[in-house]
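Here's the structure we're looking at; comments come further down.
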Amino acid sequence: SLSGVLPSTIGNLSNLNSLYLMHNQLTGPFPESFWNLTGLSGLYLTGNQLGGGQIPAEFGSLQNLRLLYLNSNQFSGTIPPEIGNLSNLQWLILNSNELTGSIPSELGNLSSLNVIYLDHNQLEGAIPIDFCSLPLTHVQFQYNVSLIACALASVRVGGVSENVKMTFLCMGKRRFDPKGVRAREE
C-alpha cells in the first residue's frame with residue numbers, strides 16, 4: 001500500500017501510457033509536473049484520499065485520456081468544465097466523492113463517452129441535454145441531491161440494462177425501475 005503525495009518526478013515518465021494506483025492511501029494535490037503526462041490514456045486512482053478540493057481543471061489538457069477513474073476519493077466542489085475537452089474520453093468515473101453543483105454542459109462534448117458514473121455525490125440540476133446524443137451504454141447518477149434528465153435512450157442505469165426511452169428521470173435519493181418505468185424511494 002502506497003501512502004503520501006504523488007512525487008514531483010512522476011512528470012518525468014514522458015512515455016507513460018497508463019497509471020494504476022488504485023486502493024492506496026495517496027493524498028494531497030497533484031504535482032505540477034503531473035500535467036506533463038500528455039501520453040496518458042488510462043488513469044486509475046480509485047480508492048485513495050486524493051482531493052480535499054476541486055478536481056484540477058488541468059485534467060482537460062490530457063488529450064489522450066480514454067479512461068479516467070477518480071472515484072472514491074475526497075474531491076469536492078464542481079466538476080471542471082475543462083473535462084469536456086477530452087474528445088477521446090470513453091469512461092468518466094467520478095462517483096463517491098463530494099462533488100457539488102450541476103453537471104457542466106461541456107461534458108456533452110465528450111463524443112466518445114460510453115460510461116459515466118457520477119453517483120454518490122451532491123450534484124443537482126439538469127443533466128445536459130447533449131448527453132442524449134452521446135454513445136452512452138452505462139450511466140449511474142443515483143444518490144445525488146437531485147438530478148433531472150430527459151430522453152436518454154438505451155443506457156444502463158444503476159446496474160440494470162434495458163432499452164428504455166426515458167422522458168423524465170429524477171435521480172435524487174431514488175432508484176430508477178425501468179421495468180415499471182417509475183422511480184421508487186430508497
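Side-chain contact between Leu68 and Leu62 is absent, with no heavy-atom pair separated by less than 4.5 Å. With a 4.5 Å cut-off on side-chain heavy atoms, Gln63 and Asn85 count as touching. At least one side-chain heavy atom of Leu118 sits less than 4.5 Å from a side-chain heavy atom of Leu123. Side chains of Leu50 and Thr27 form no contact here, defined as non-hydrogen atoms less than 4.5 Å apart. Val115 places a side-chain heavy atom less than 4.5 Å from the side chain of Tyr117. In this structure, the side chains of Phe141 and Ile103 come closer than 4.5 Å at one or more pairs of heavy atoms. With contacts defined as side-chain heavy-atom distances shorter than 4.5 Å, the pair Ser1/Gln25 qualifies. A heavy-atom distance below 4.5 Å is not found between the side chains of Leu65 and Asn88.
Leu67 contributes atom CG, which lies 7.5 Å from atom OG of Ser18 (distance to the nearest 0.5 angstrom). Between the CG atom in Leu19 and the CG atom in Leu37 there is a gap of 7.5 Å [rounded to 0.5 Å]. Here Ser87 contributes atom OG and Asn109 contributes atom CG; the two are 10.0 Å apart, rounded to the nearest 0.5 Å. Taking OG from Ser76 and CD from Gln122, the interatomic distance works out to 11.0 Å, rounded to the nearest 0.5 Å. Rounding to the nearest 0.5 Å places CD of Glu82 at 8.0 Å from CD of Glu58. Taking NE2 of His138 as the start and CD1 of Ile116 as the end, the distance is 13.5 Å to the nearest 0.5 Å.
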For residues 2-14, run the donor-acceptor check on the side chains, cut-off 3.5 Å, and write out each pair with its distance to 0.1 Å, sequence neighbours left out.
none

Listed pairs under 3.5 Å, donor-acceptor, residues 89-100 side chains, sequence neighbours left out:
residue, atom, partner, partner atom, Å
Asn97, OD1, Asn73, N, 3.2
Asn97, OD1, Gln74, N, 3.4
Asn97, OD1, Phe75, N, 3.1
Asn97, ND2, Leu70, O, 3.0
Asn97, ND2, Leu94, O, 3.1
Asn97, ND2, Asn95, O, 3.4

Before giving the answer on side-chain contact (heavy atoms from CB on, under 4.5 Å), spell out for Leu107 and Ile79 the whole-Å C-alpha distance, their side-chain angles and the decisive distance to 0.1 Å.
-> CA-CA 9 Å; Leu107 295 190; Ile79 298 169; 4.3 Å; yes

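Residues meeting the side-chain hydrogen bond (donor to acceptor under 3.5 Å, both in side chains) test with Asn17, sequence neighbours left out: Ser41. Remark: Phe59 engages Phe30, Trp35 in a ring-ring contact (aromatic ring centres under 6.0 Å, His included) (not counting sequence neighbours). Contacts of Ser111 classified as side-chain contact (heavy atoms from CB on, under 4.5 Å), with partners at least two apart in sequence or in another chain: none.
In terms of heavy-atom proximity, Pro128 sits nearest to Ser105 at CG-CA, 3.7 Å. What you find for Pro135 and Ser112 is that their closest heavy atoms are CG-C, 4.1 Å. Closest approach of Pro56 to Pro80, counting heavy atoms only: O-CG, 4.0 Å.
Under a 3.5 Å cut-off, the side chain of Asn24 and the backbone N or O of Met22 do form a donor-acceptor pair.
Counting only residues at least two apart or in different chains, ring-ring contact (aromatic ring centres under 6.0 Å, His included) contacts with residues 37-57 comprise Tyr20-Tyr44, Tyr44-Tyr69.
Remark: the Asn71 side chain and the Thr46 side chain contain an N/O donor-acceptor pair separated by less than 3.5 Å.
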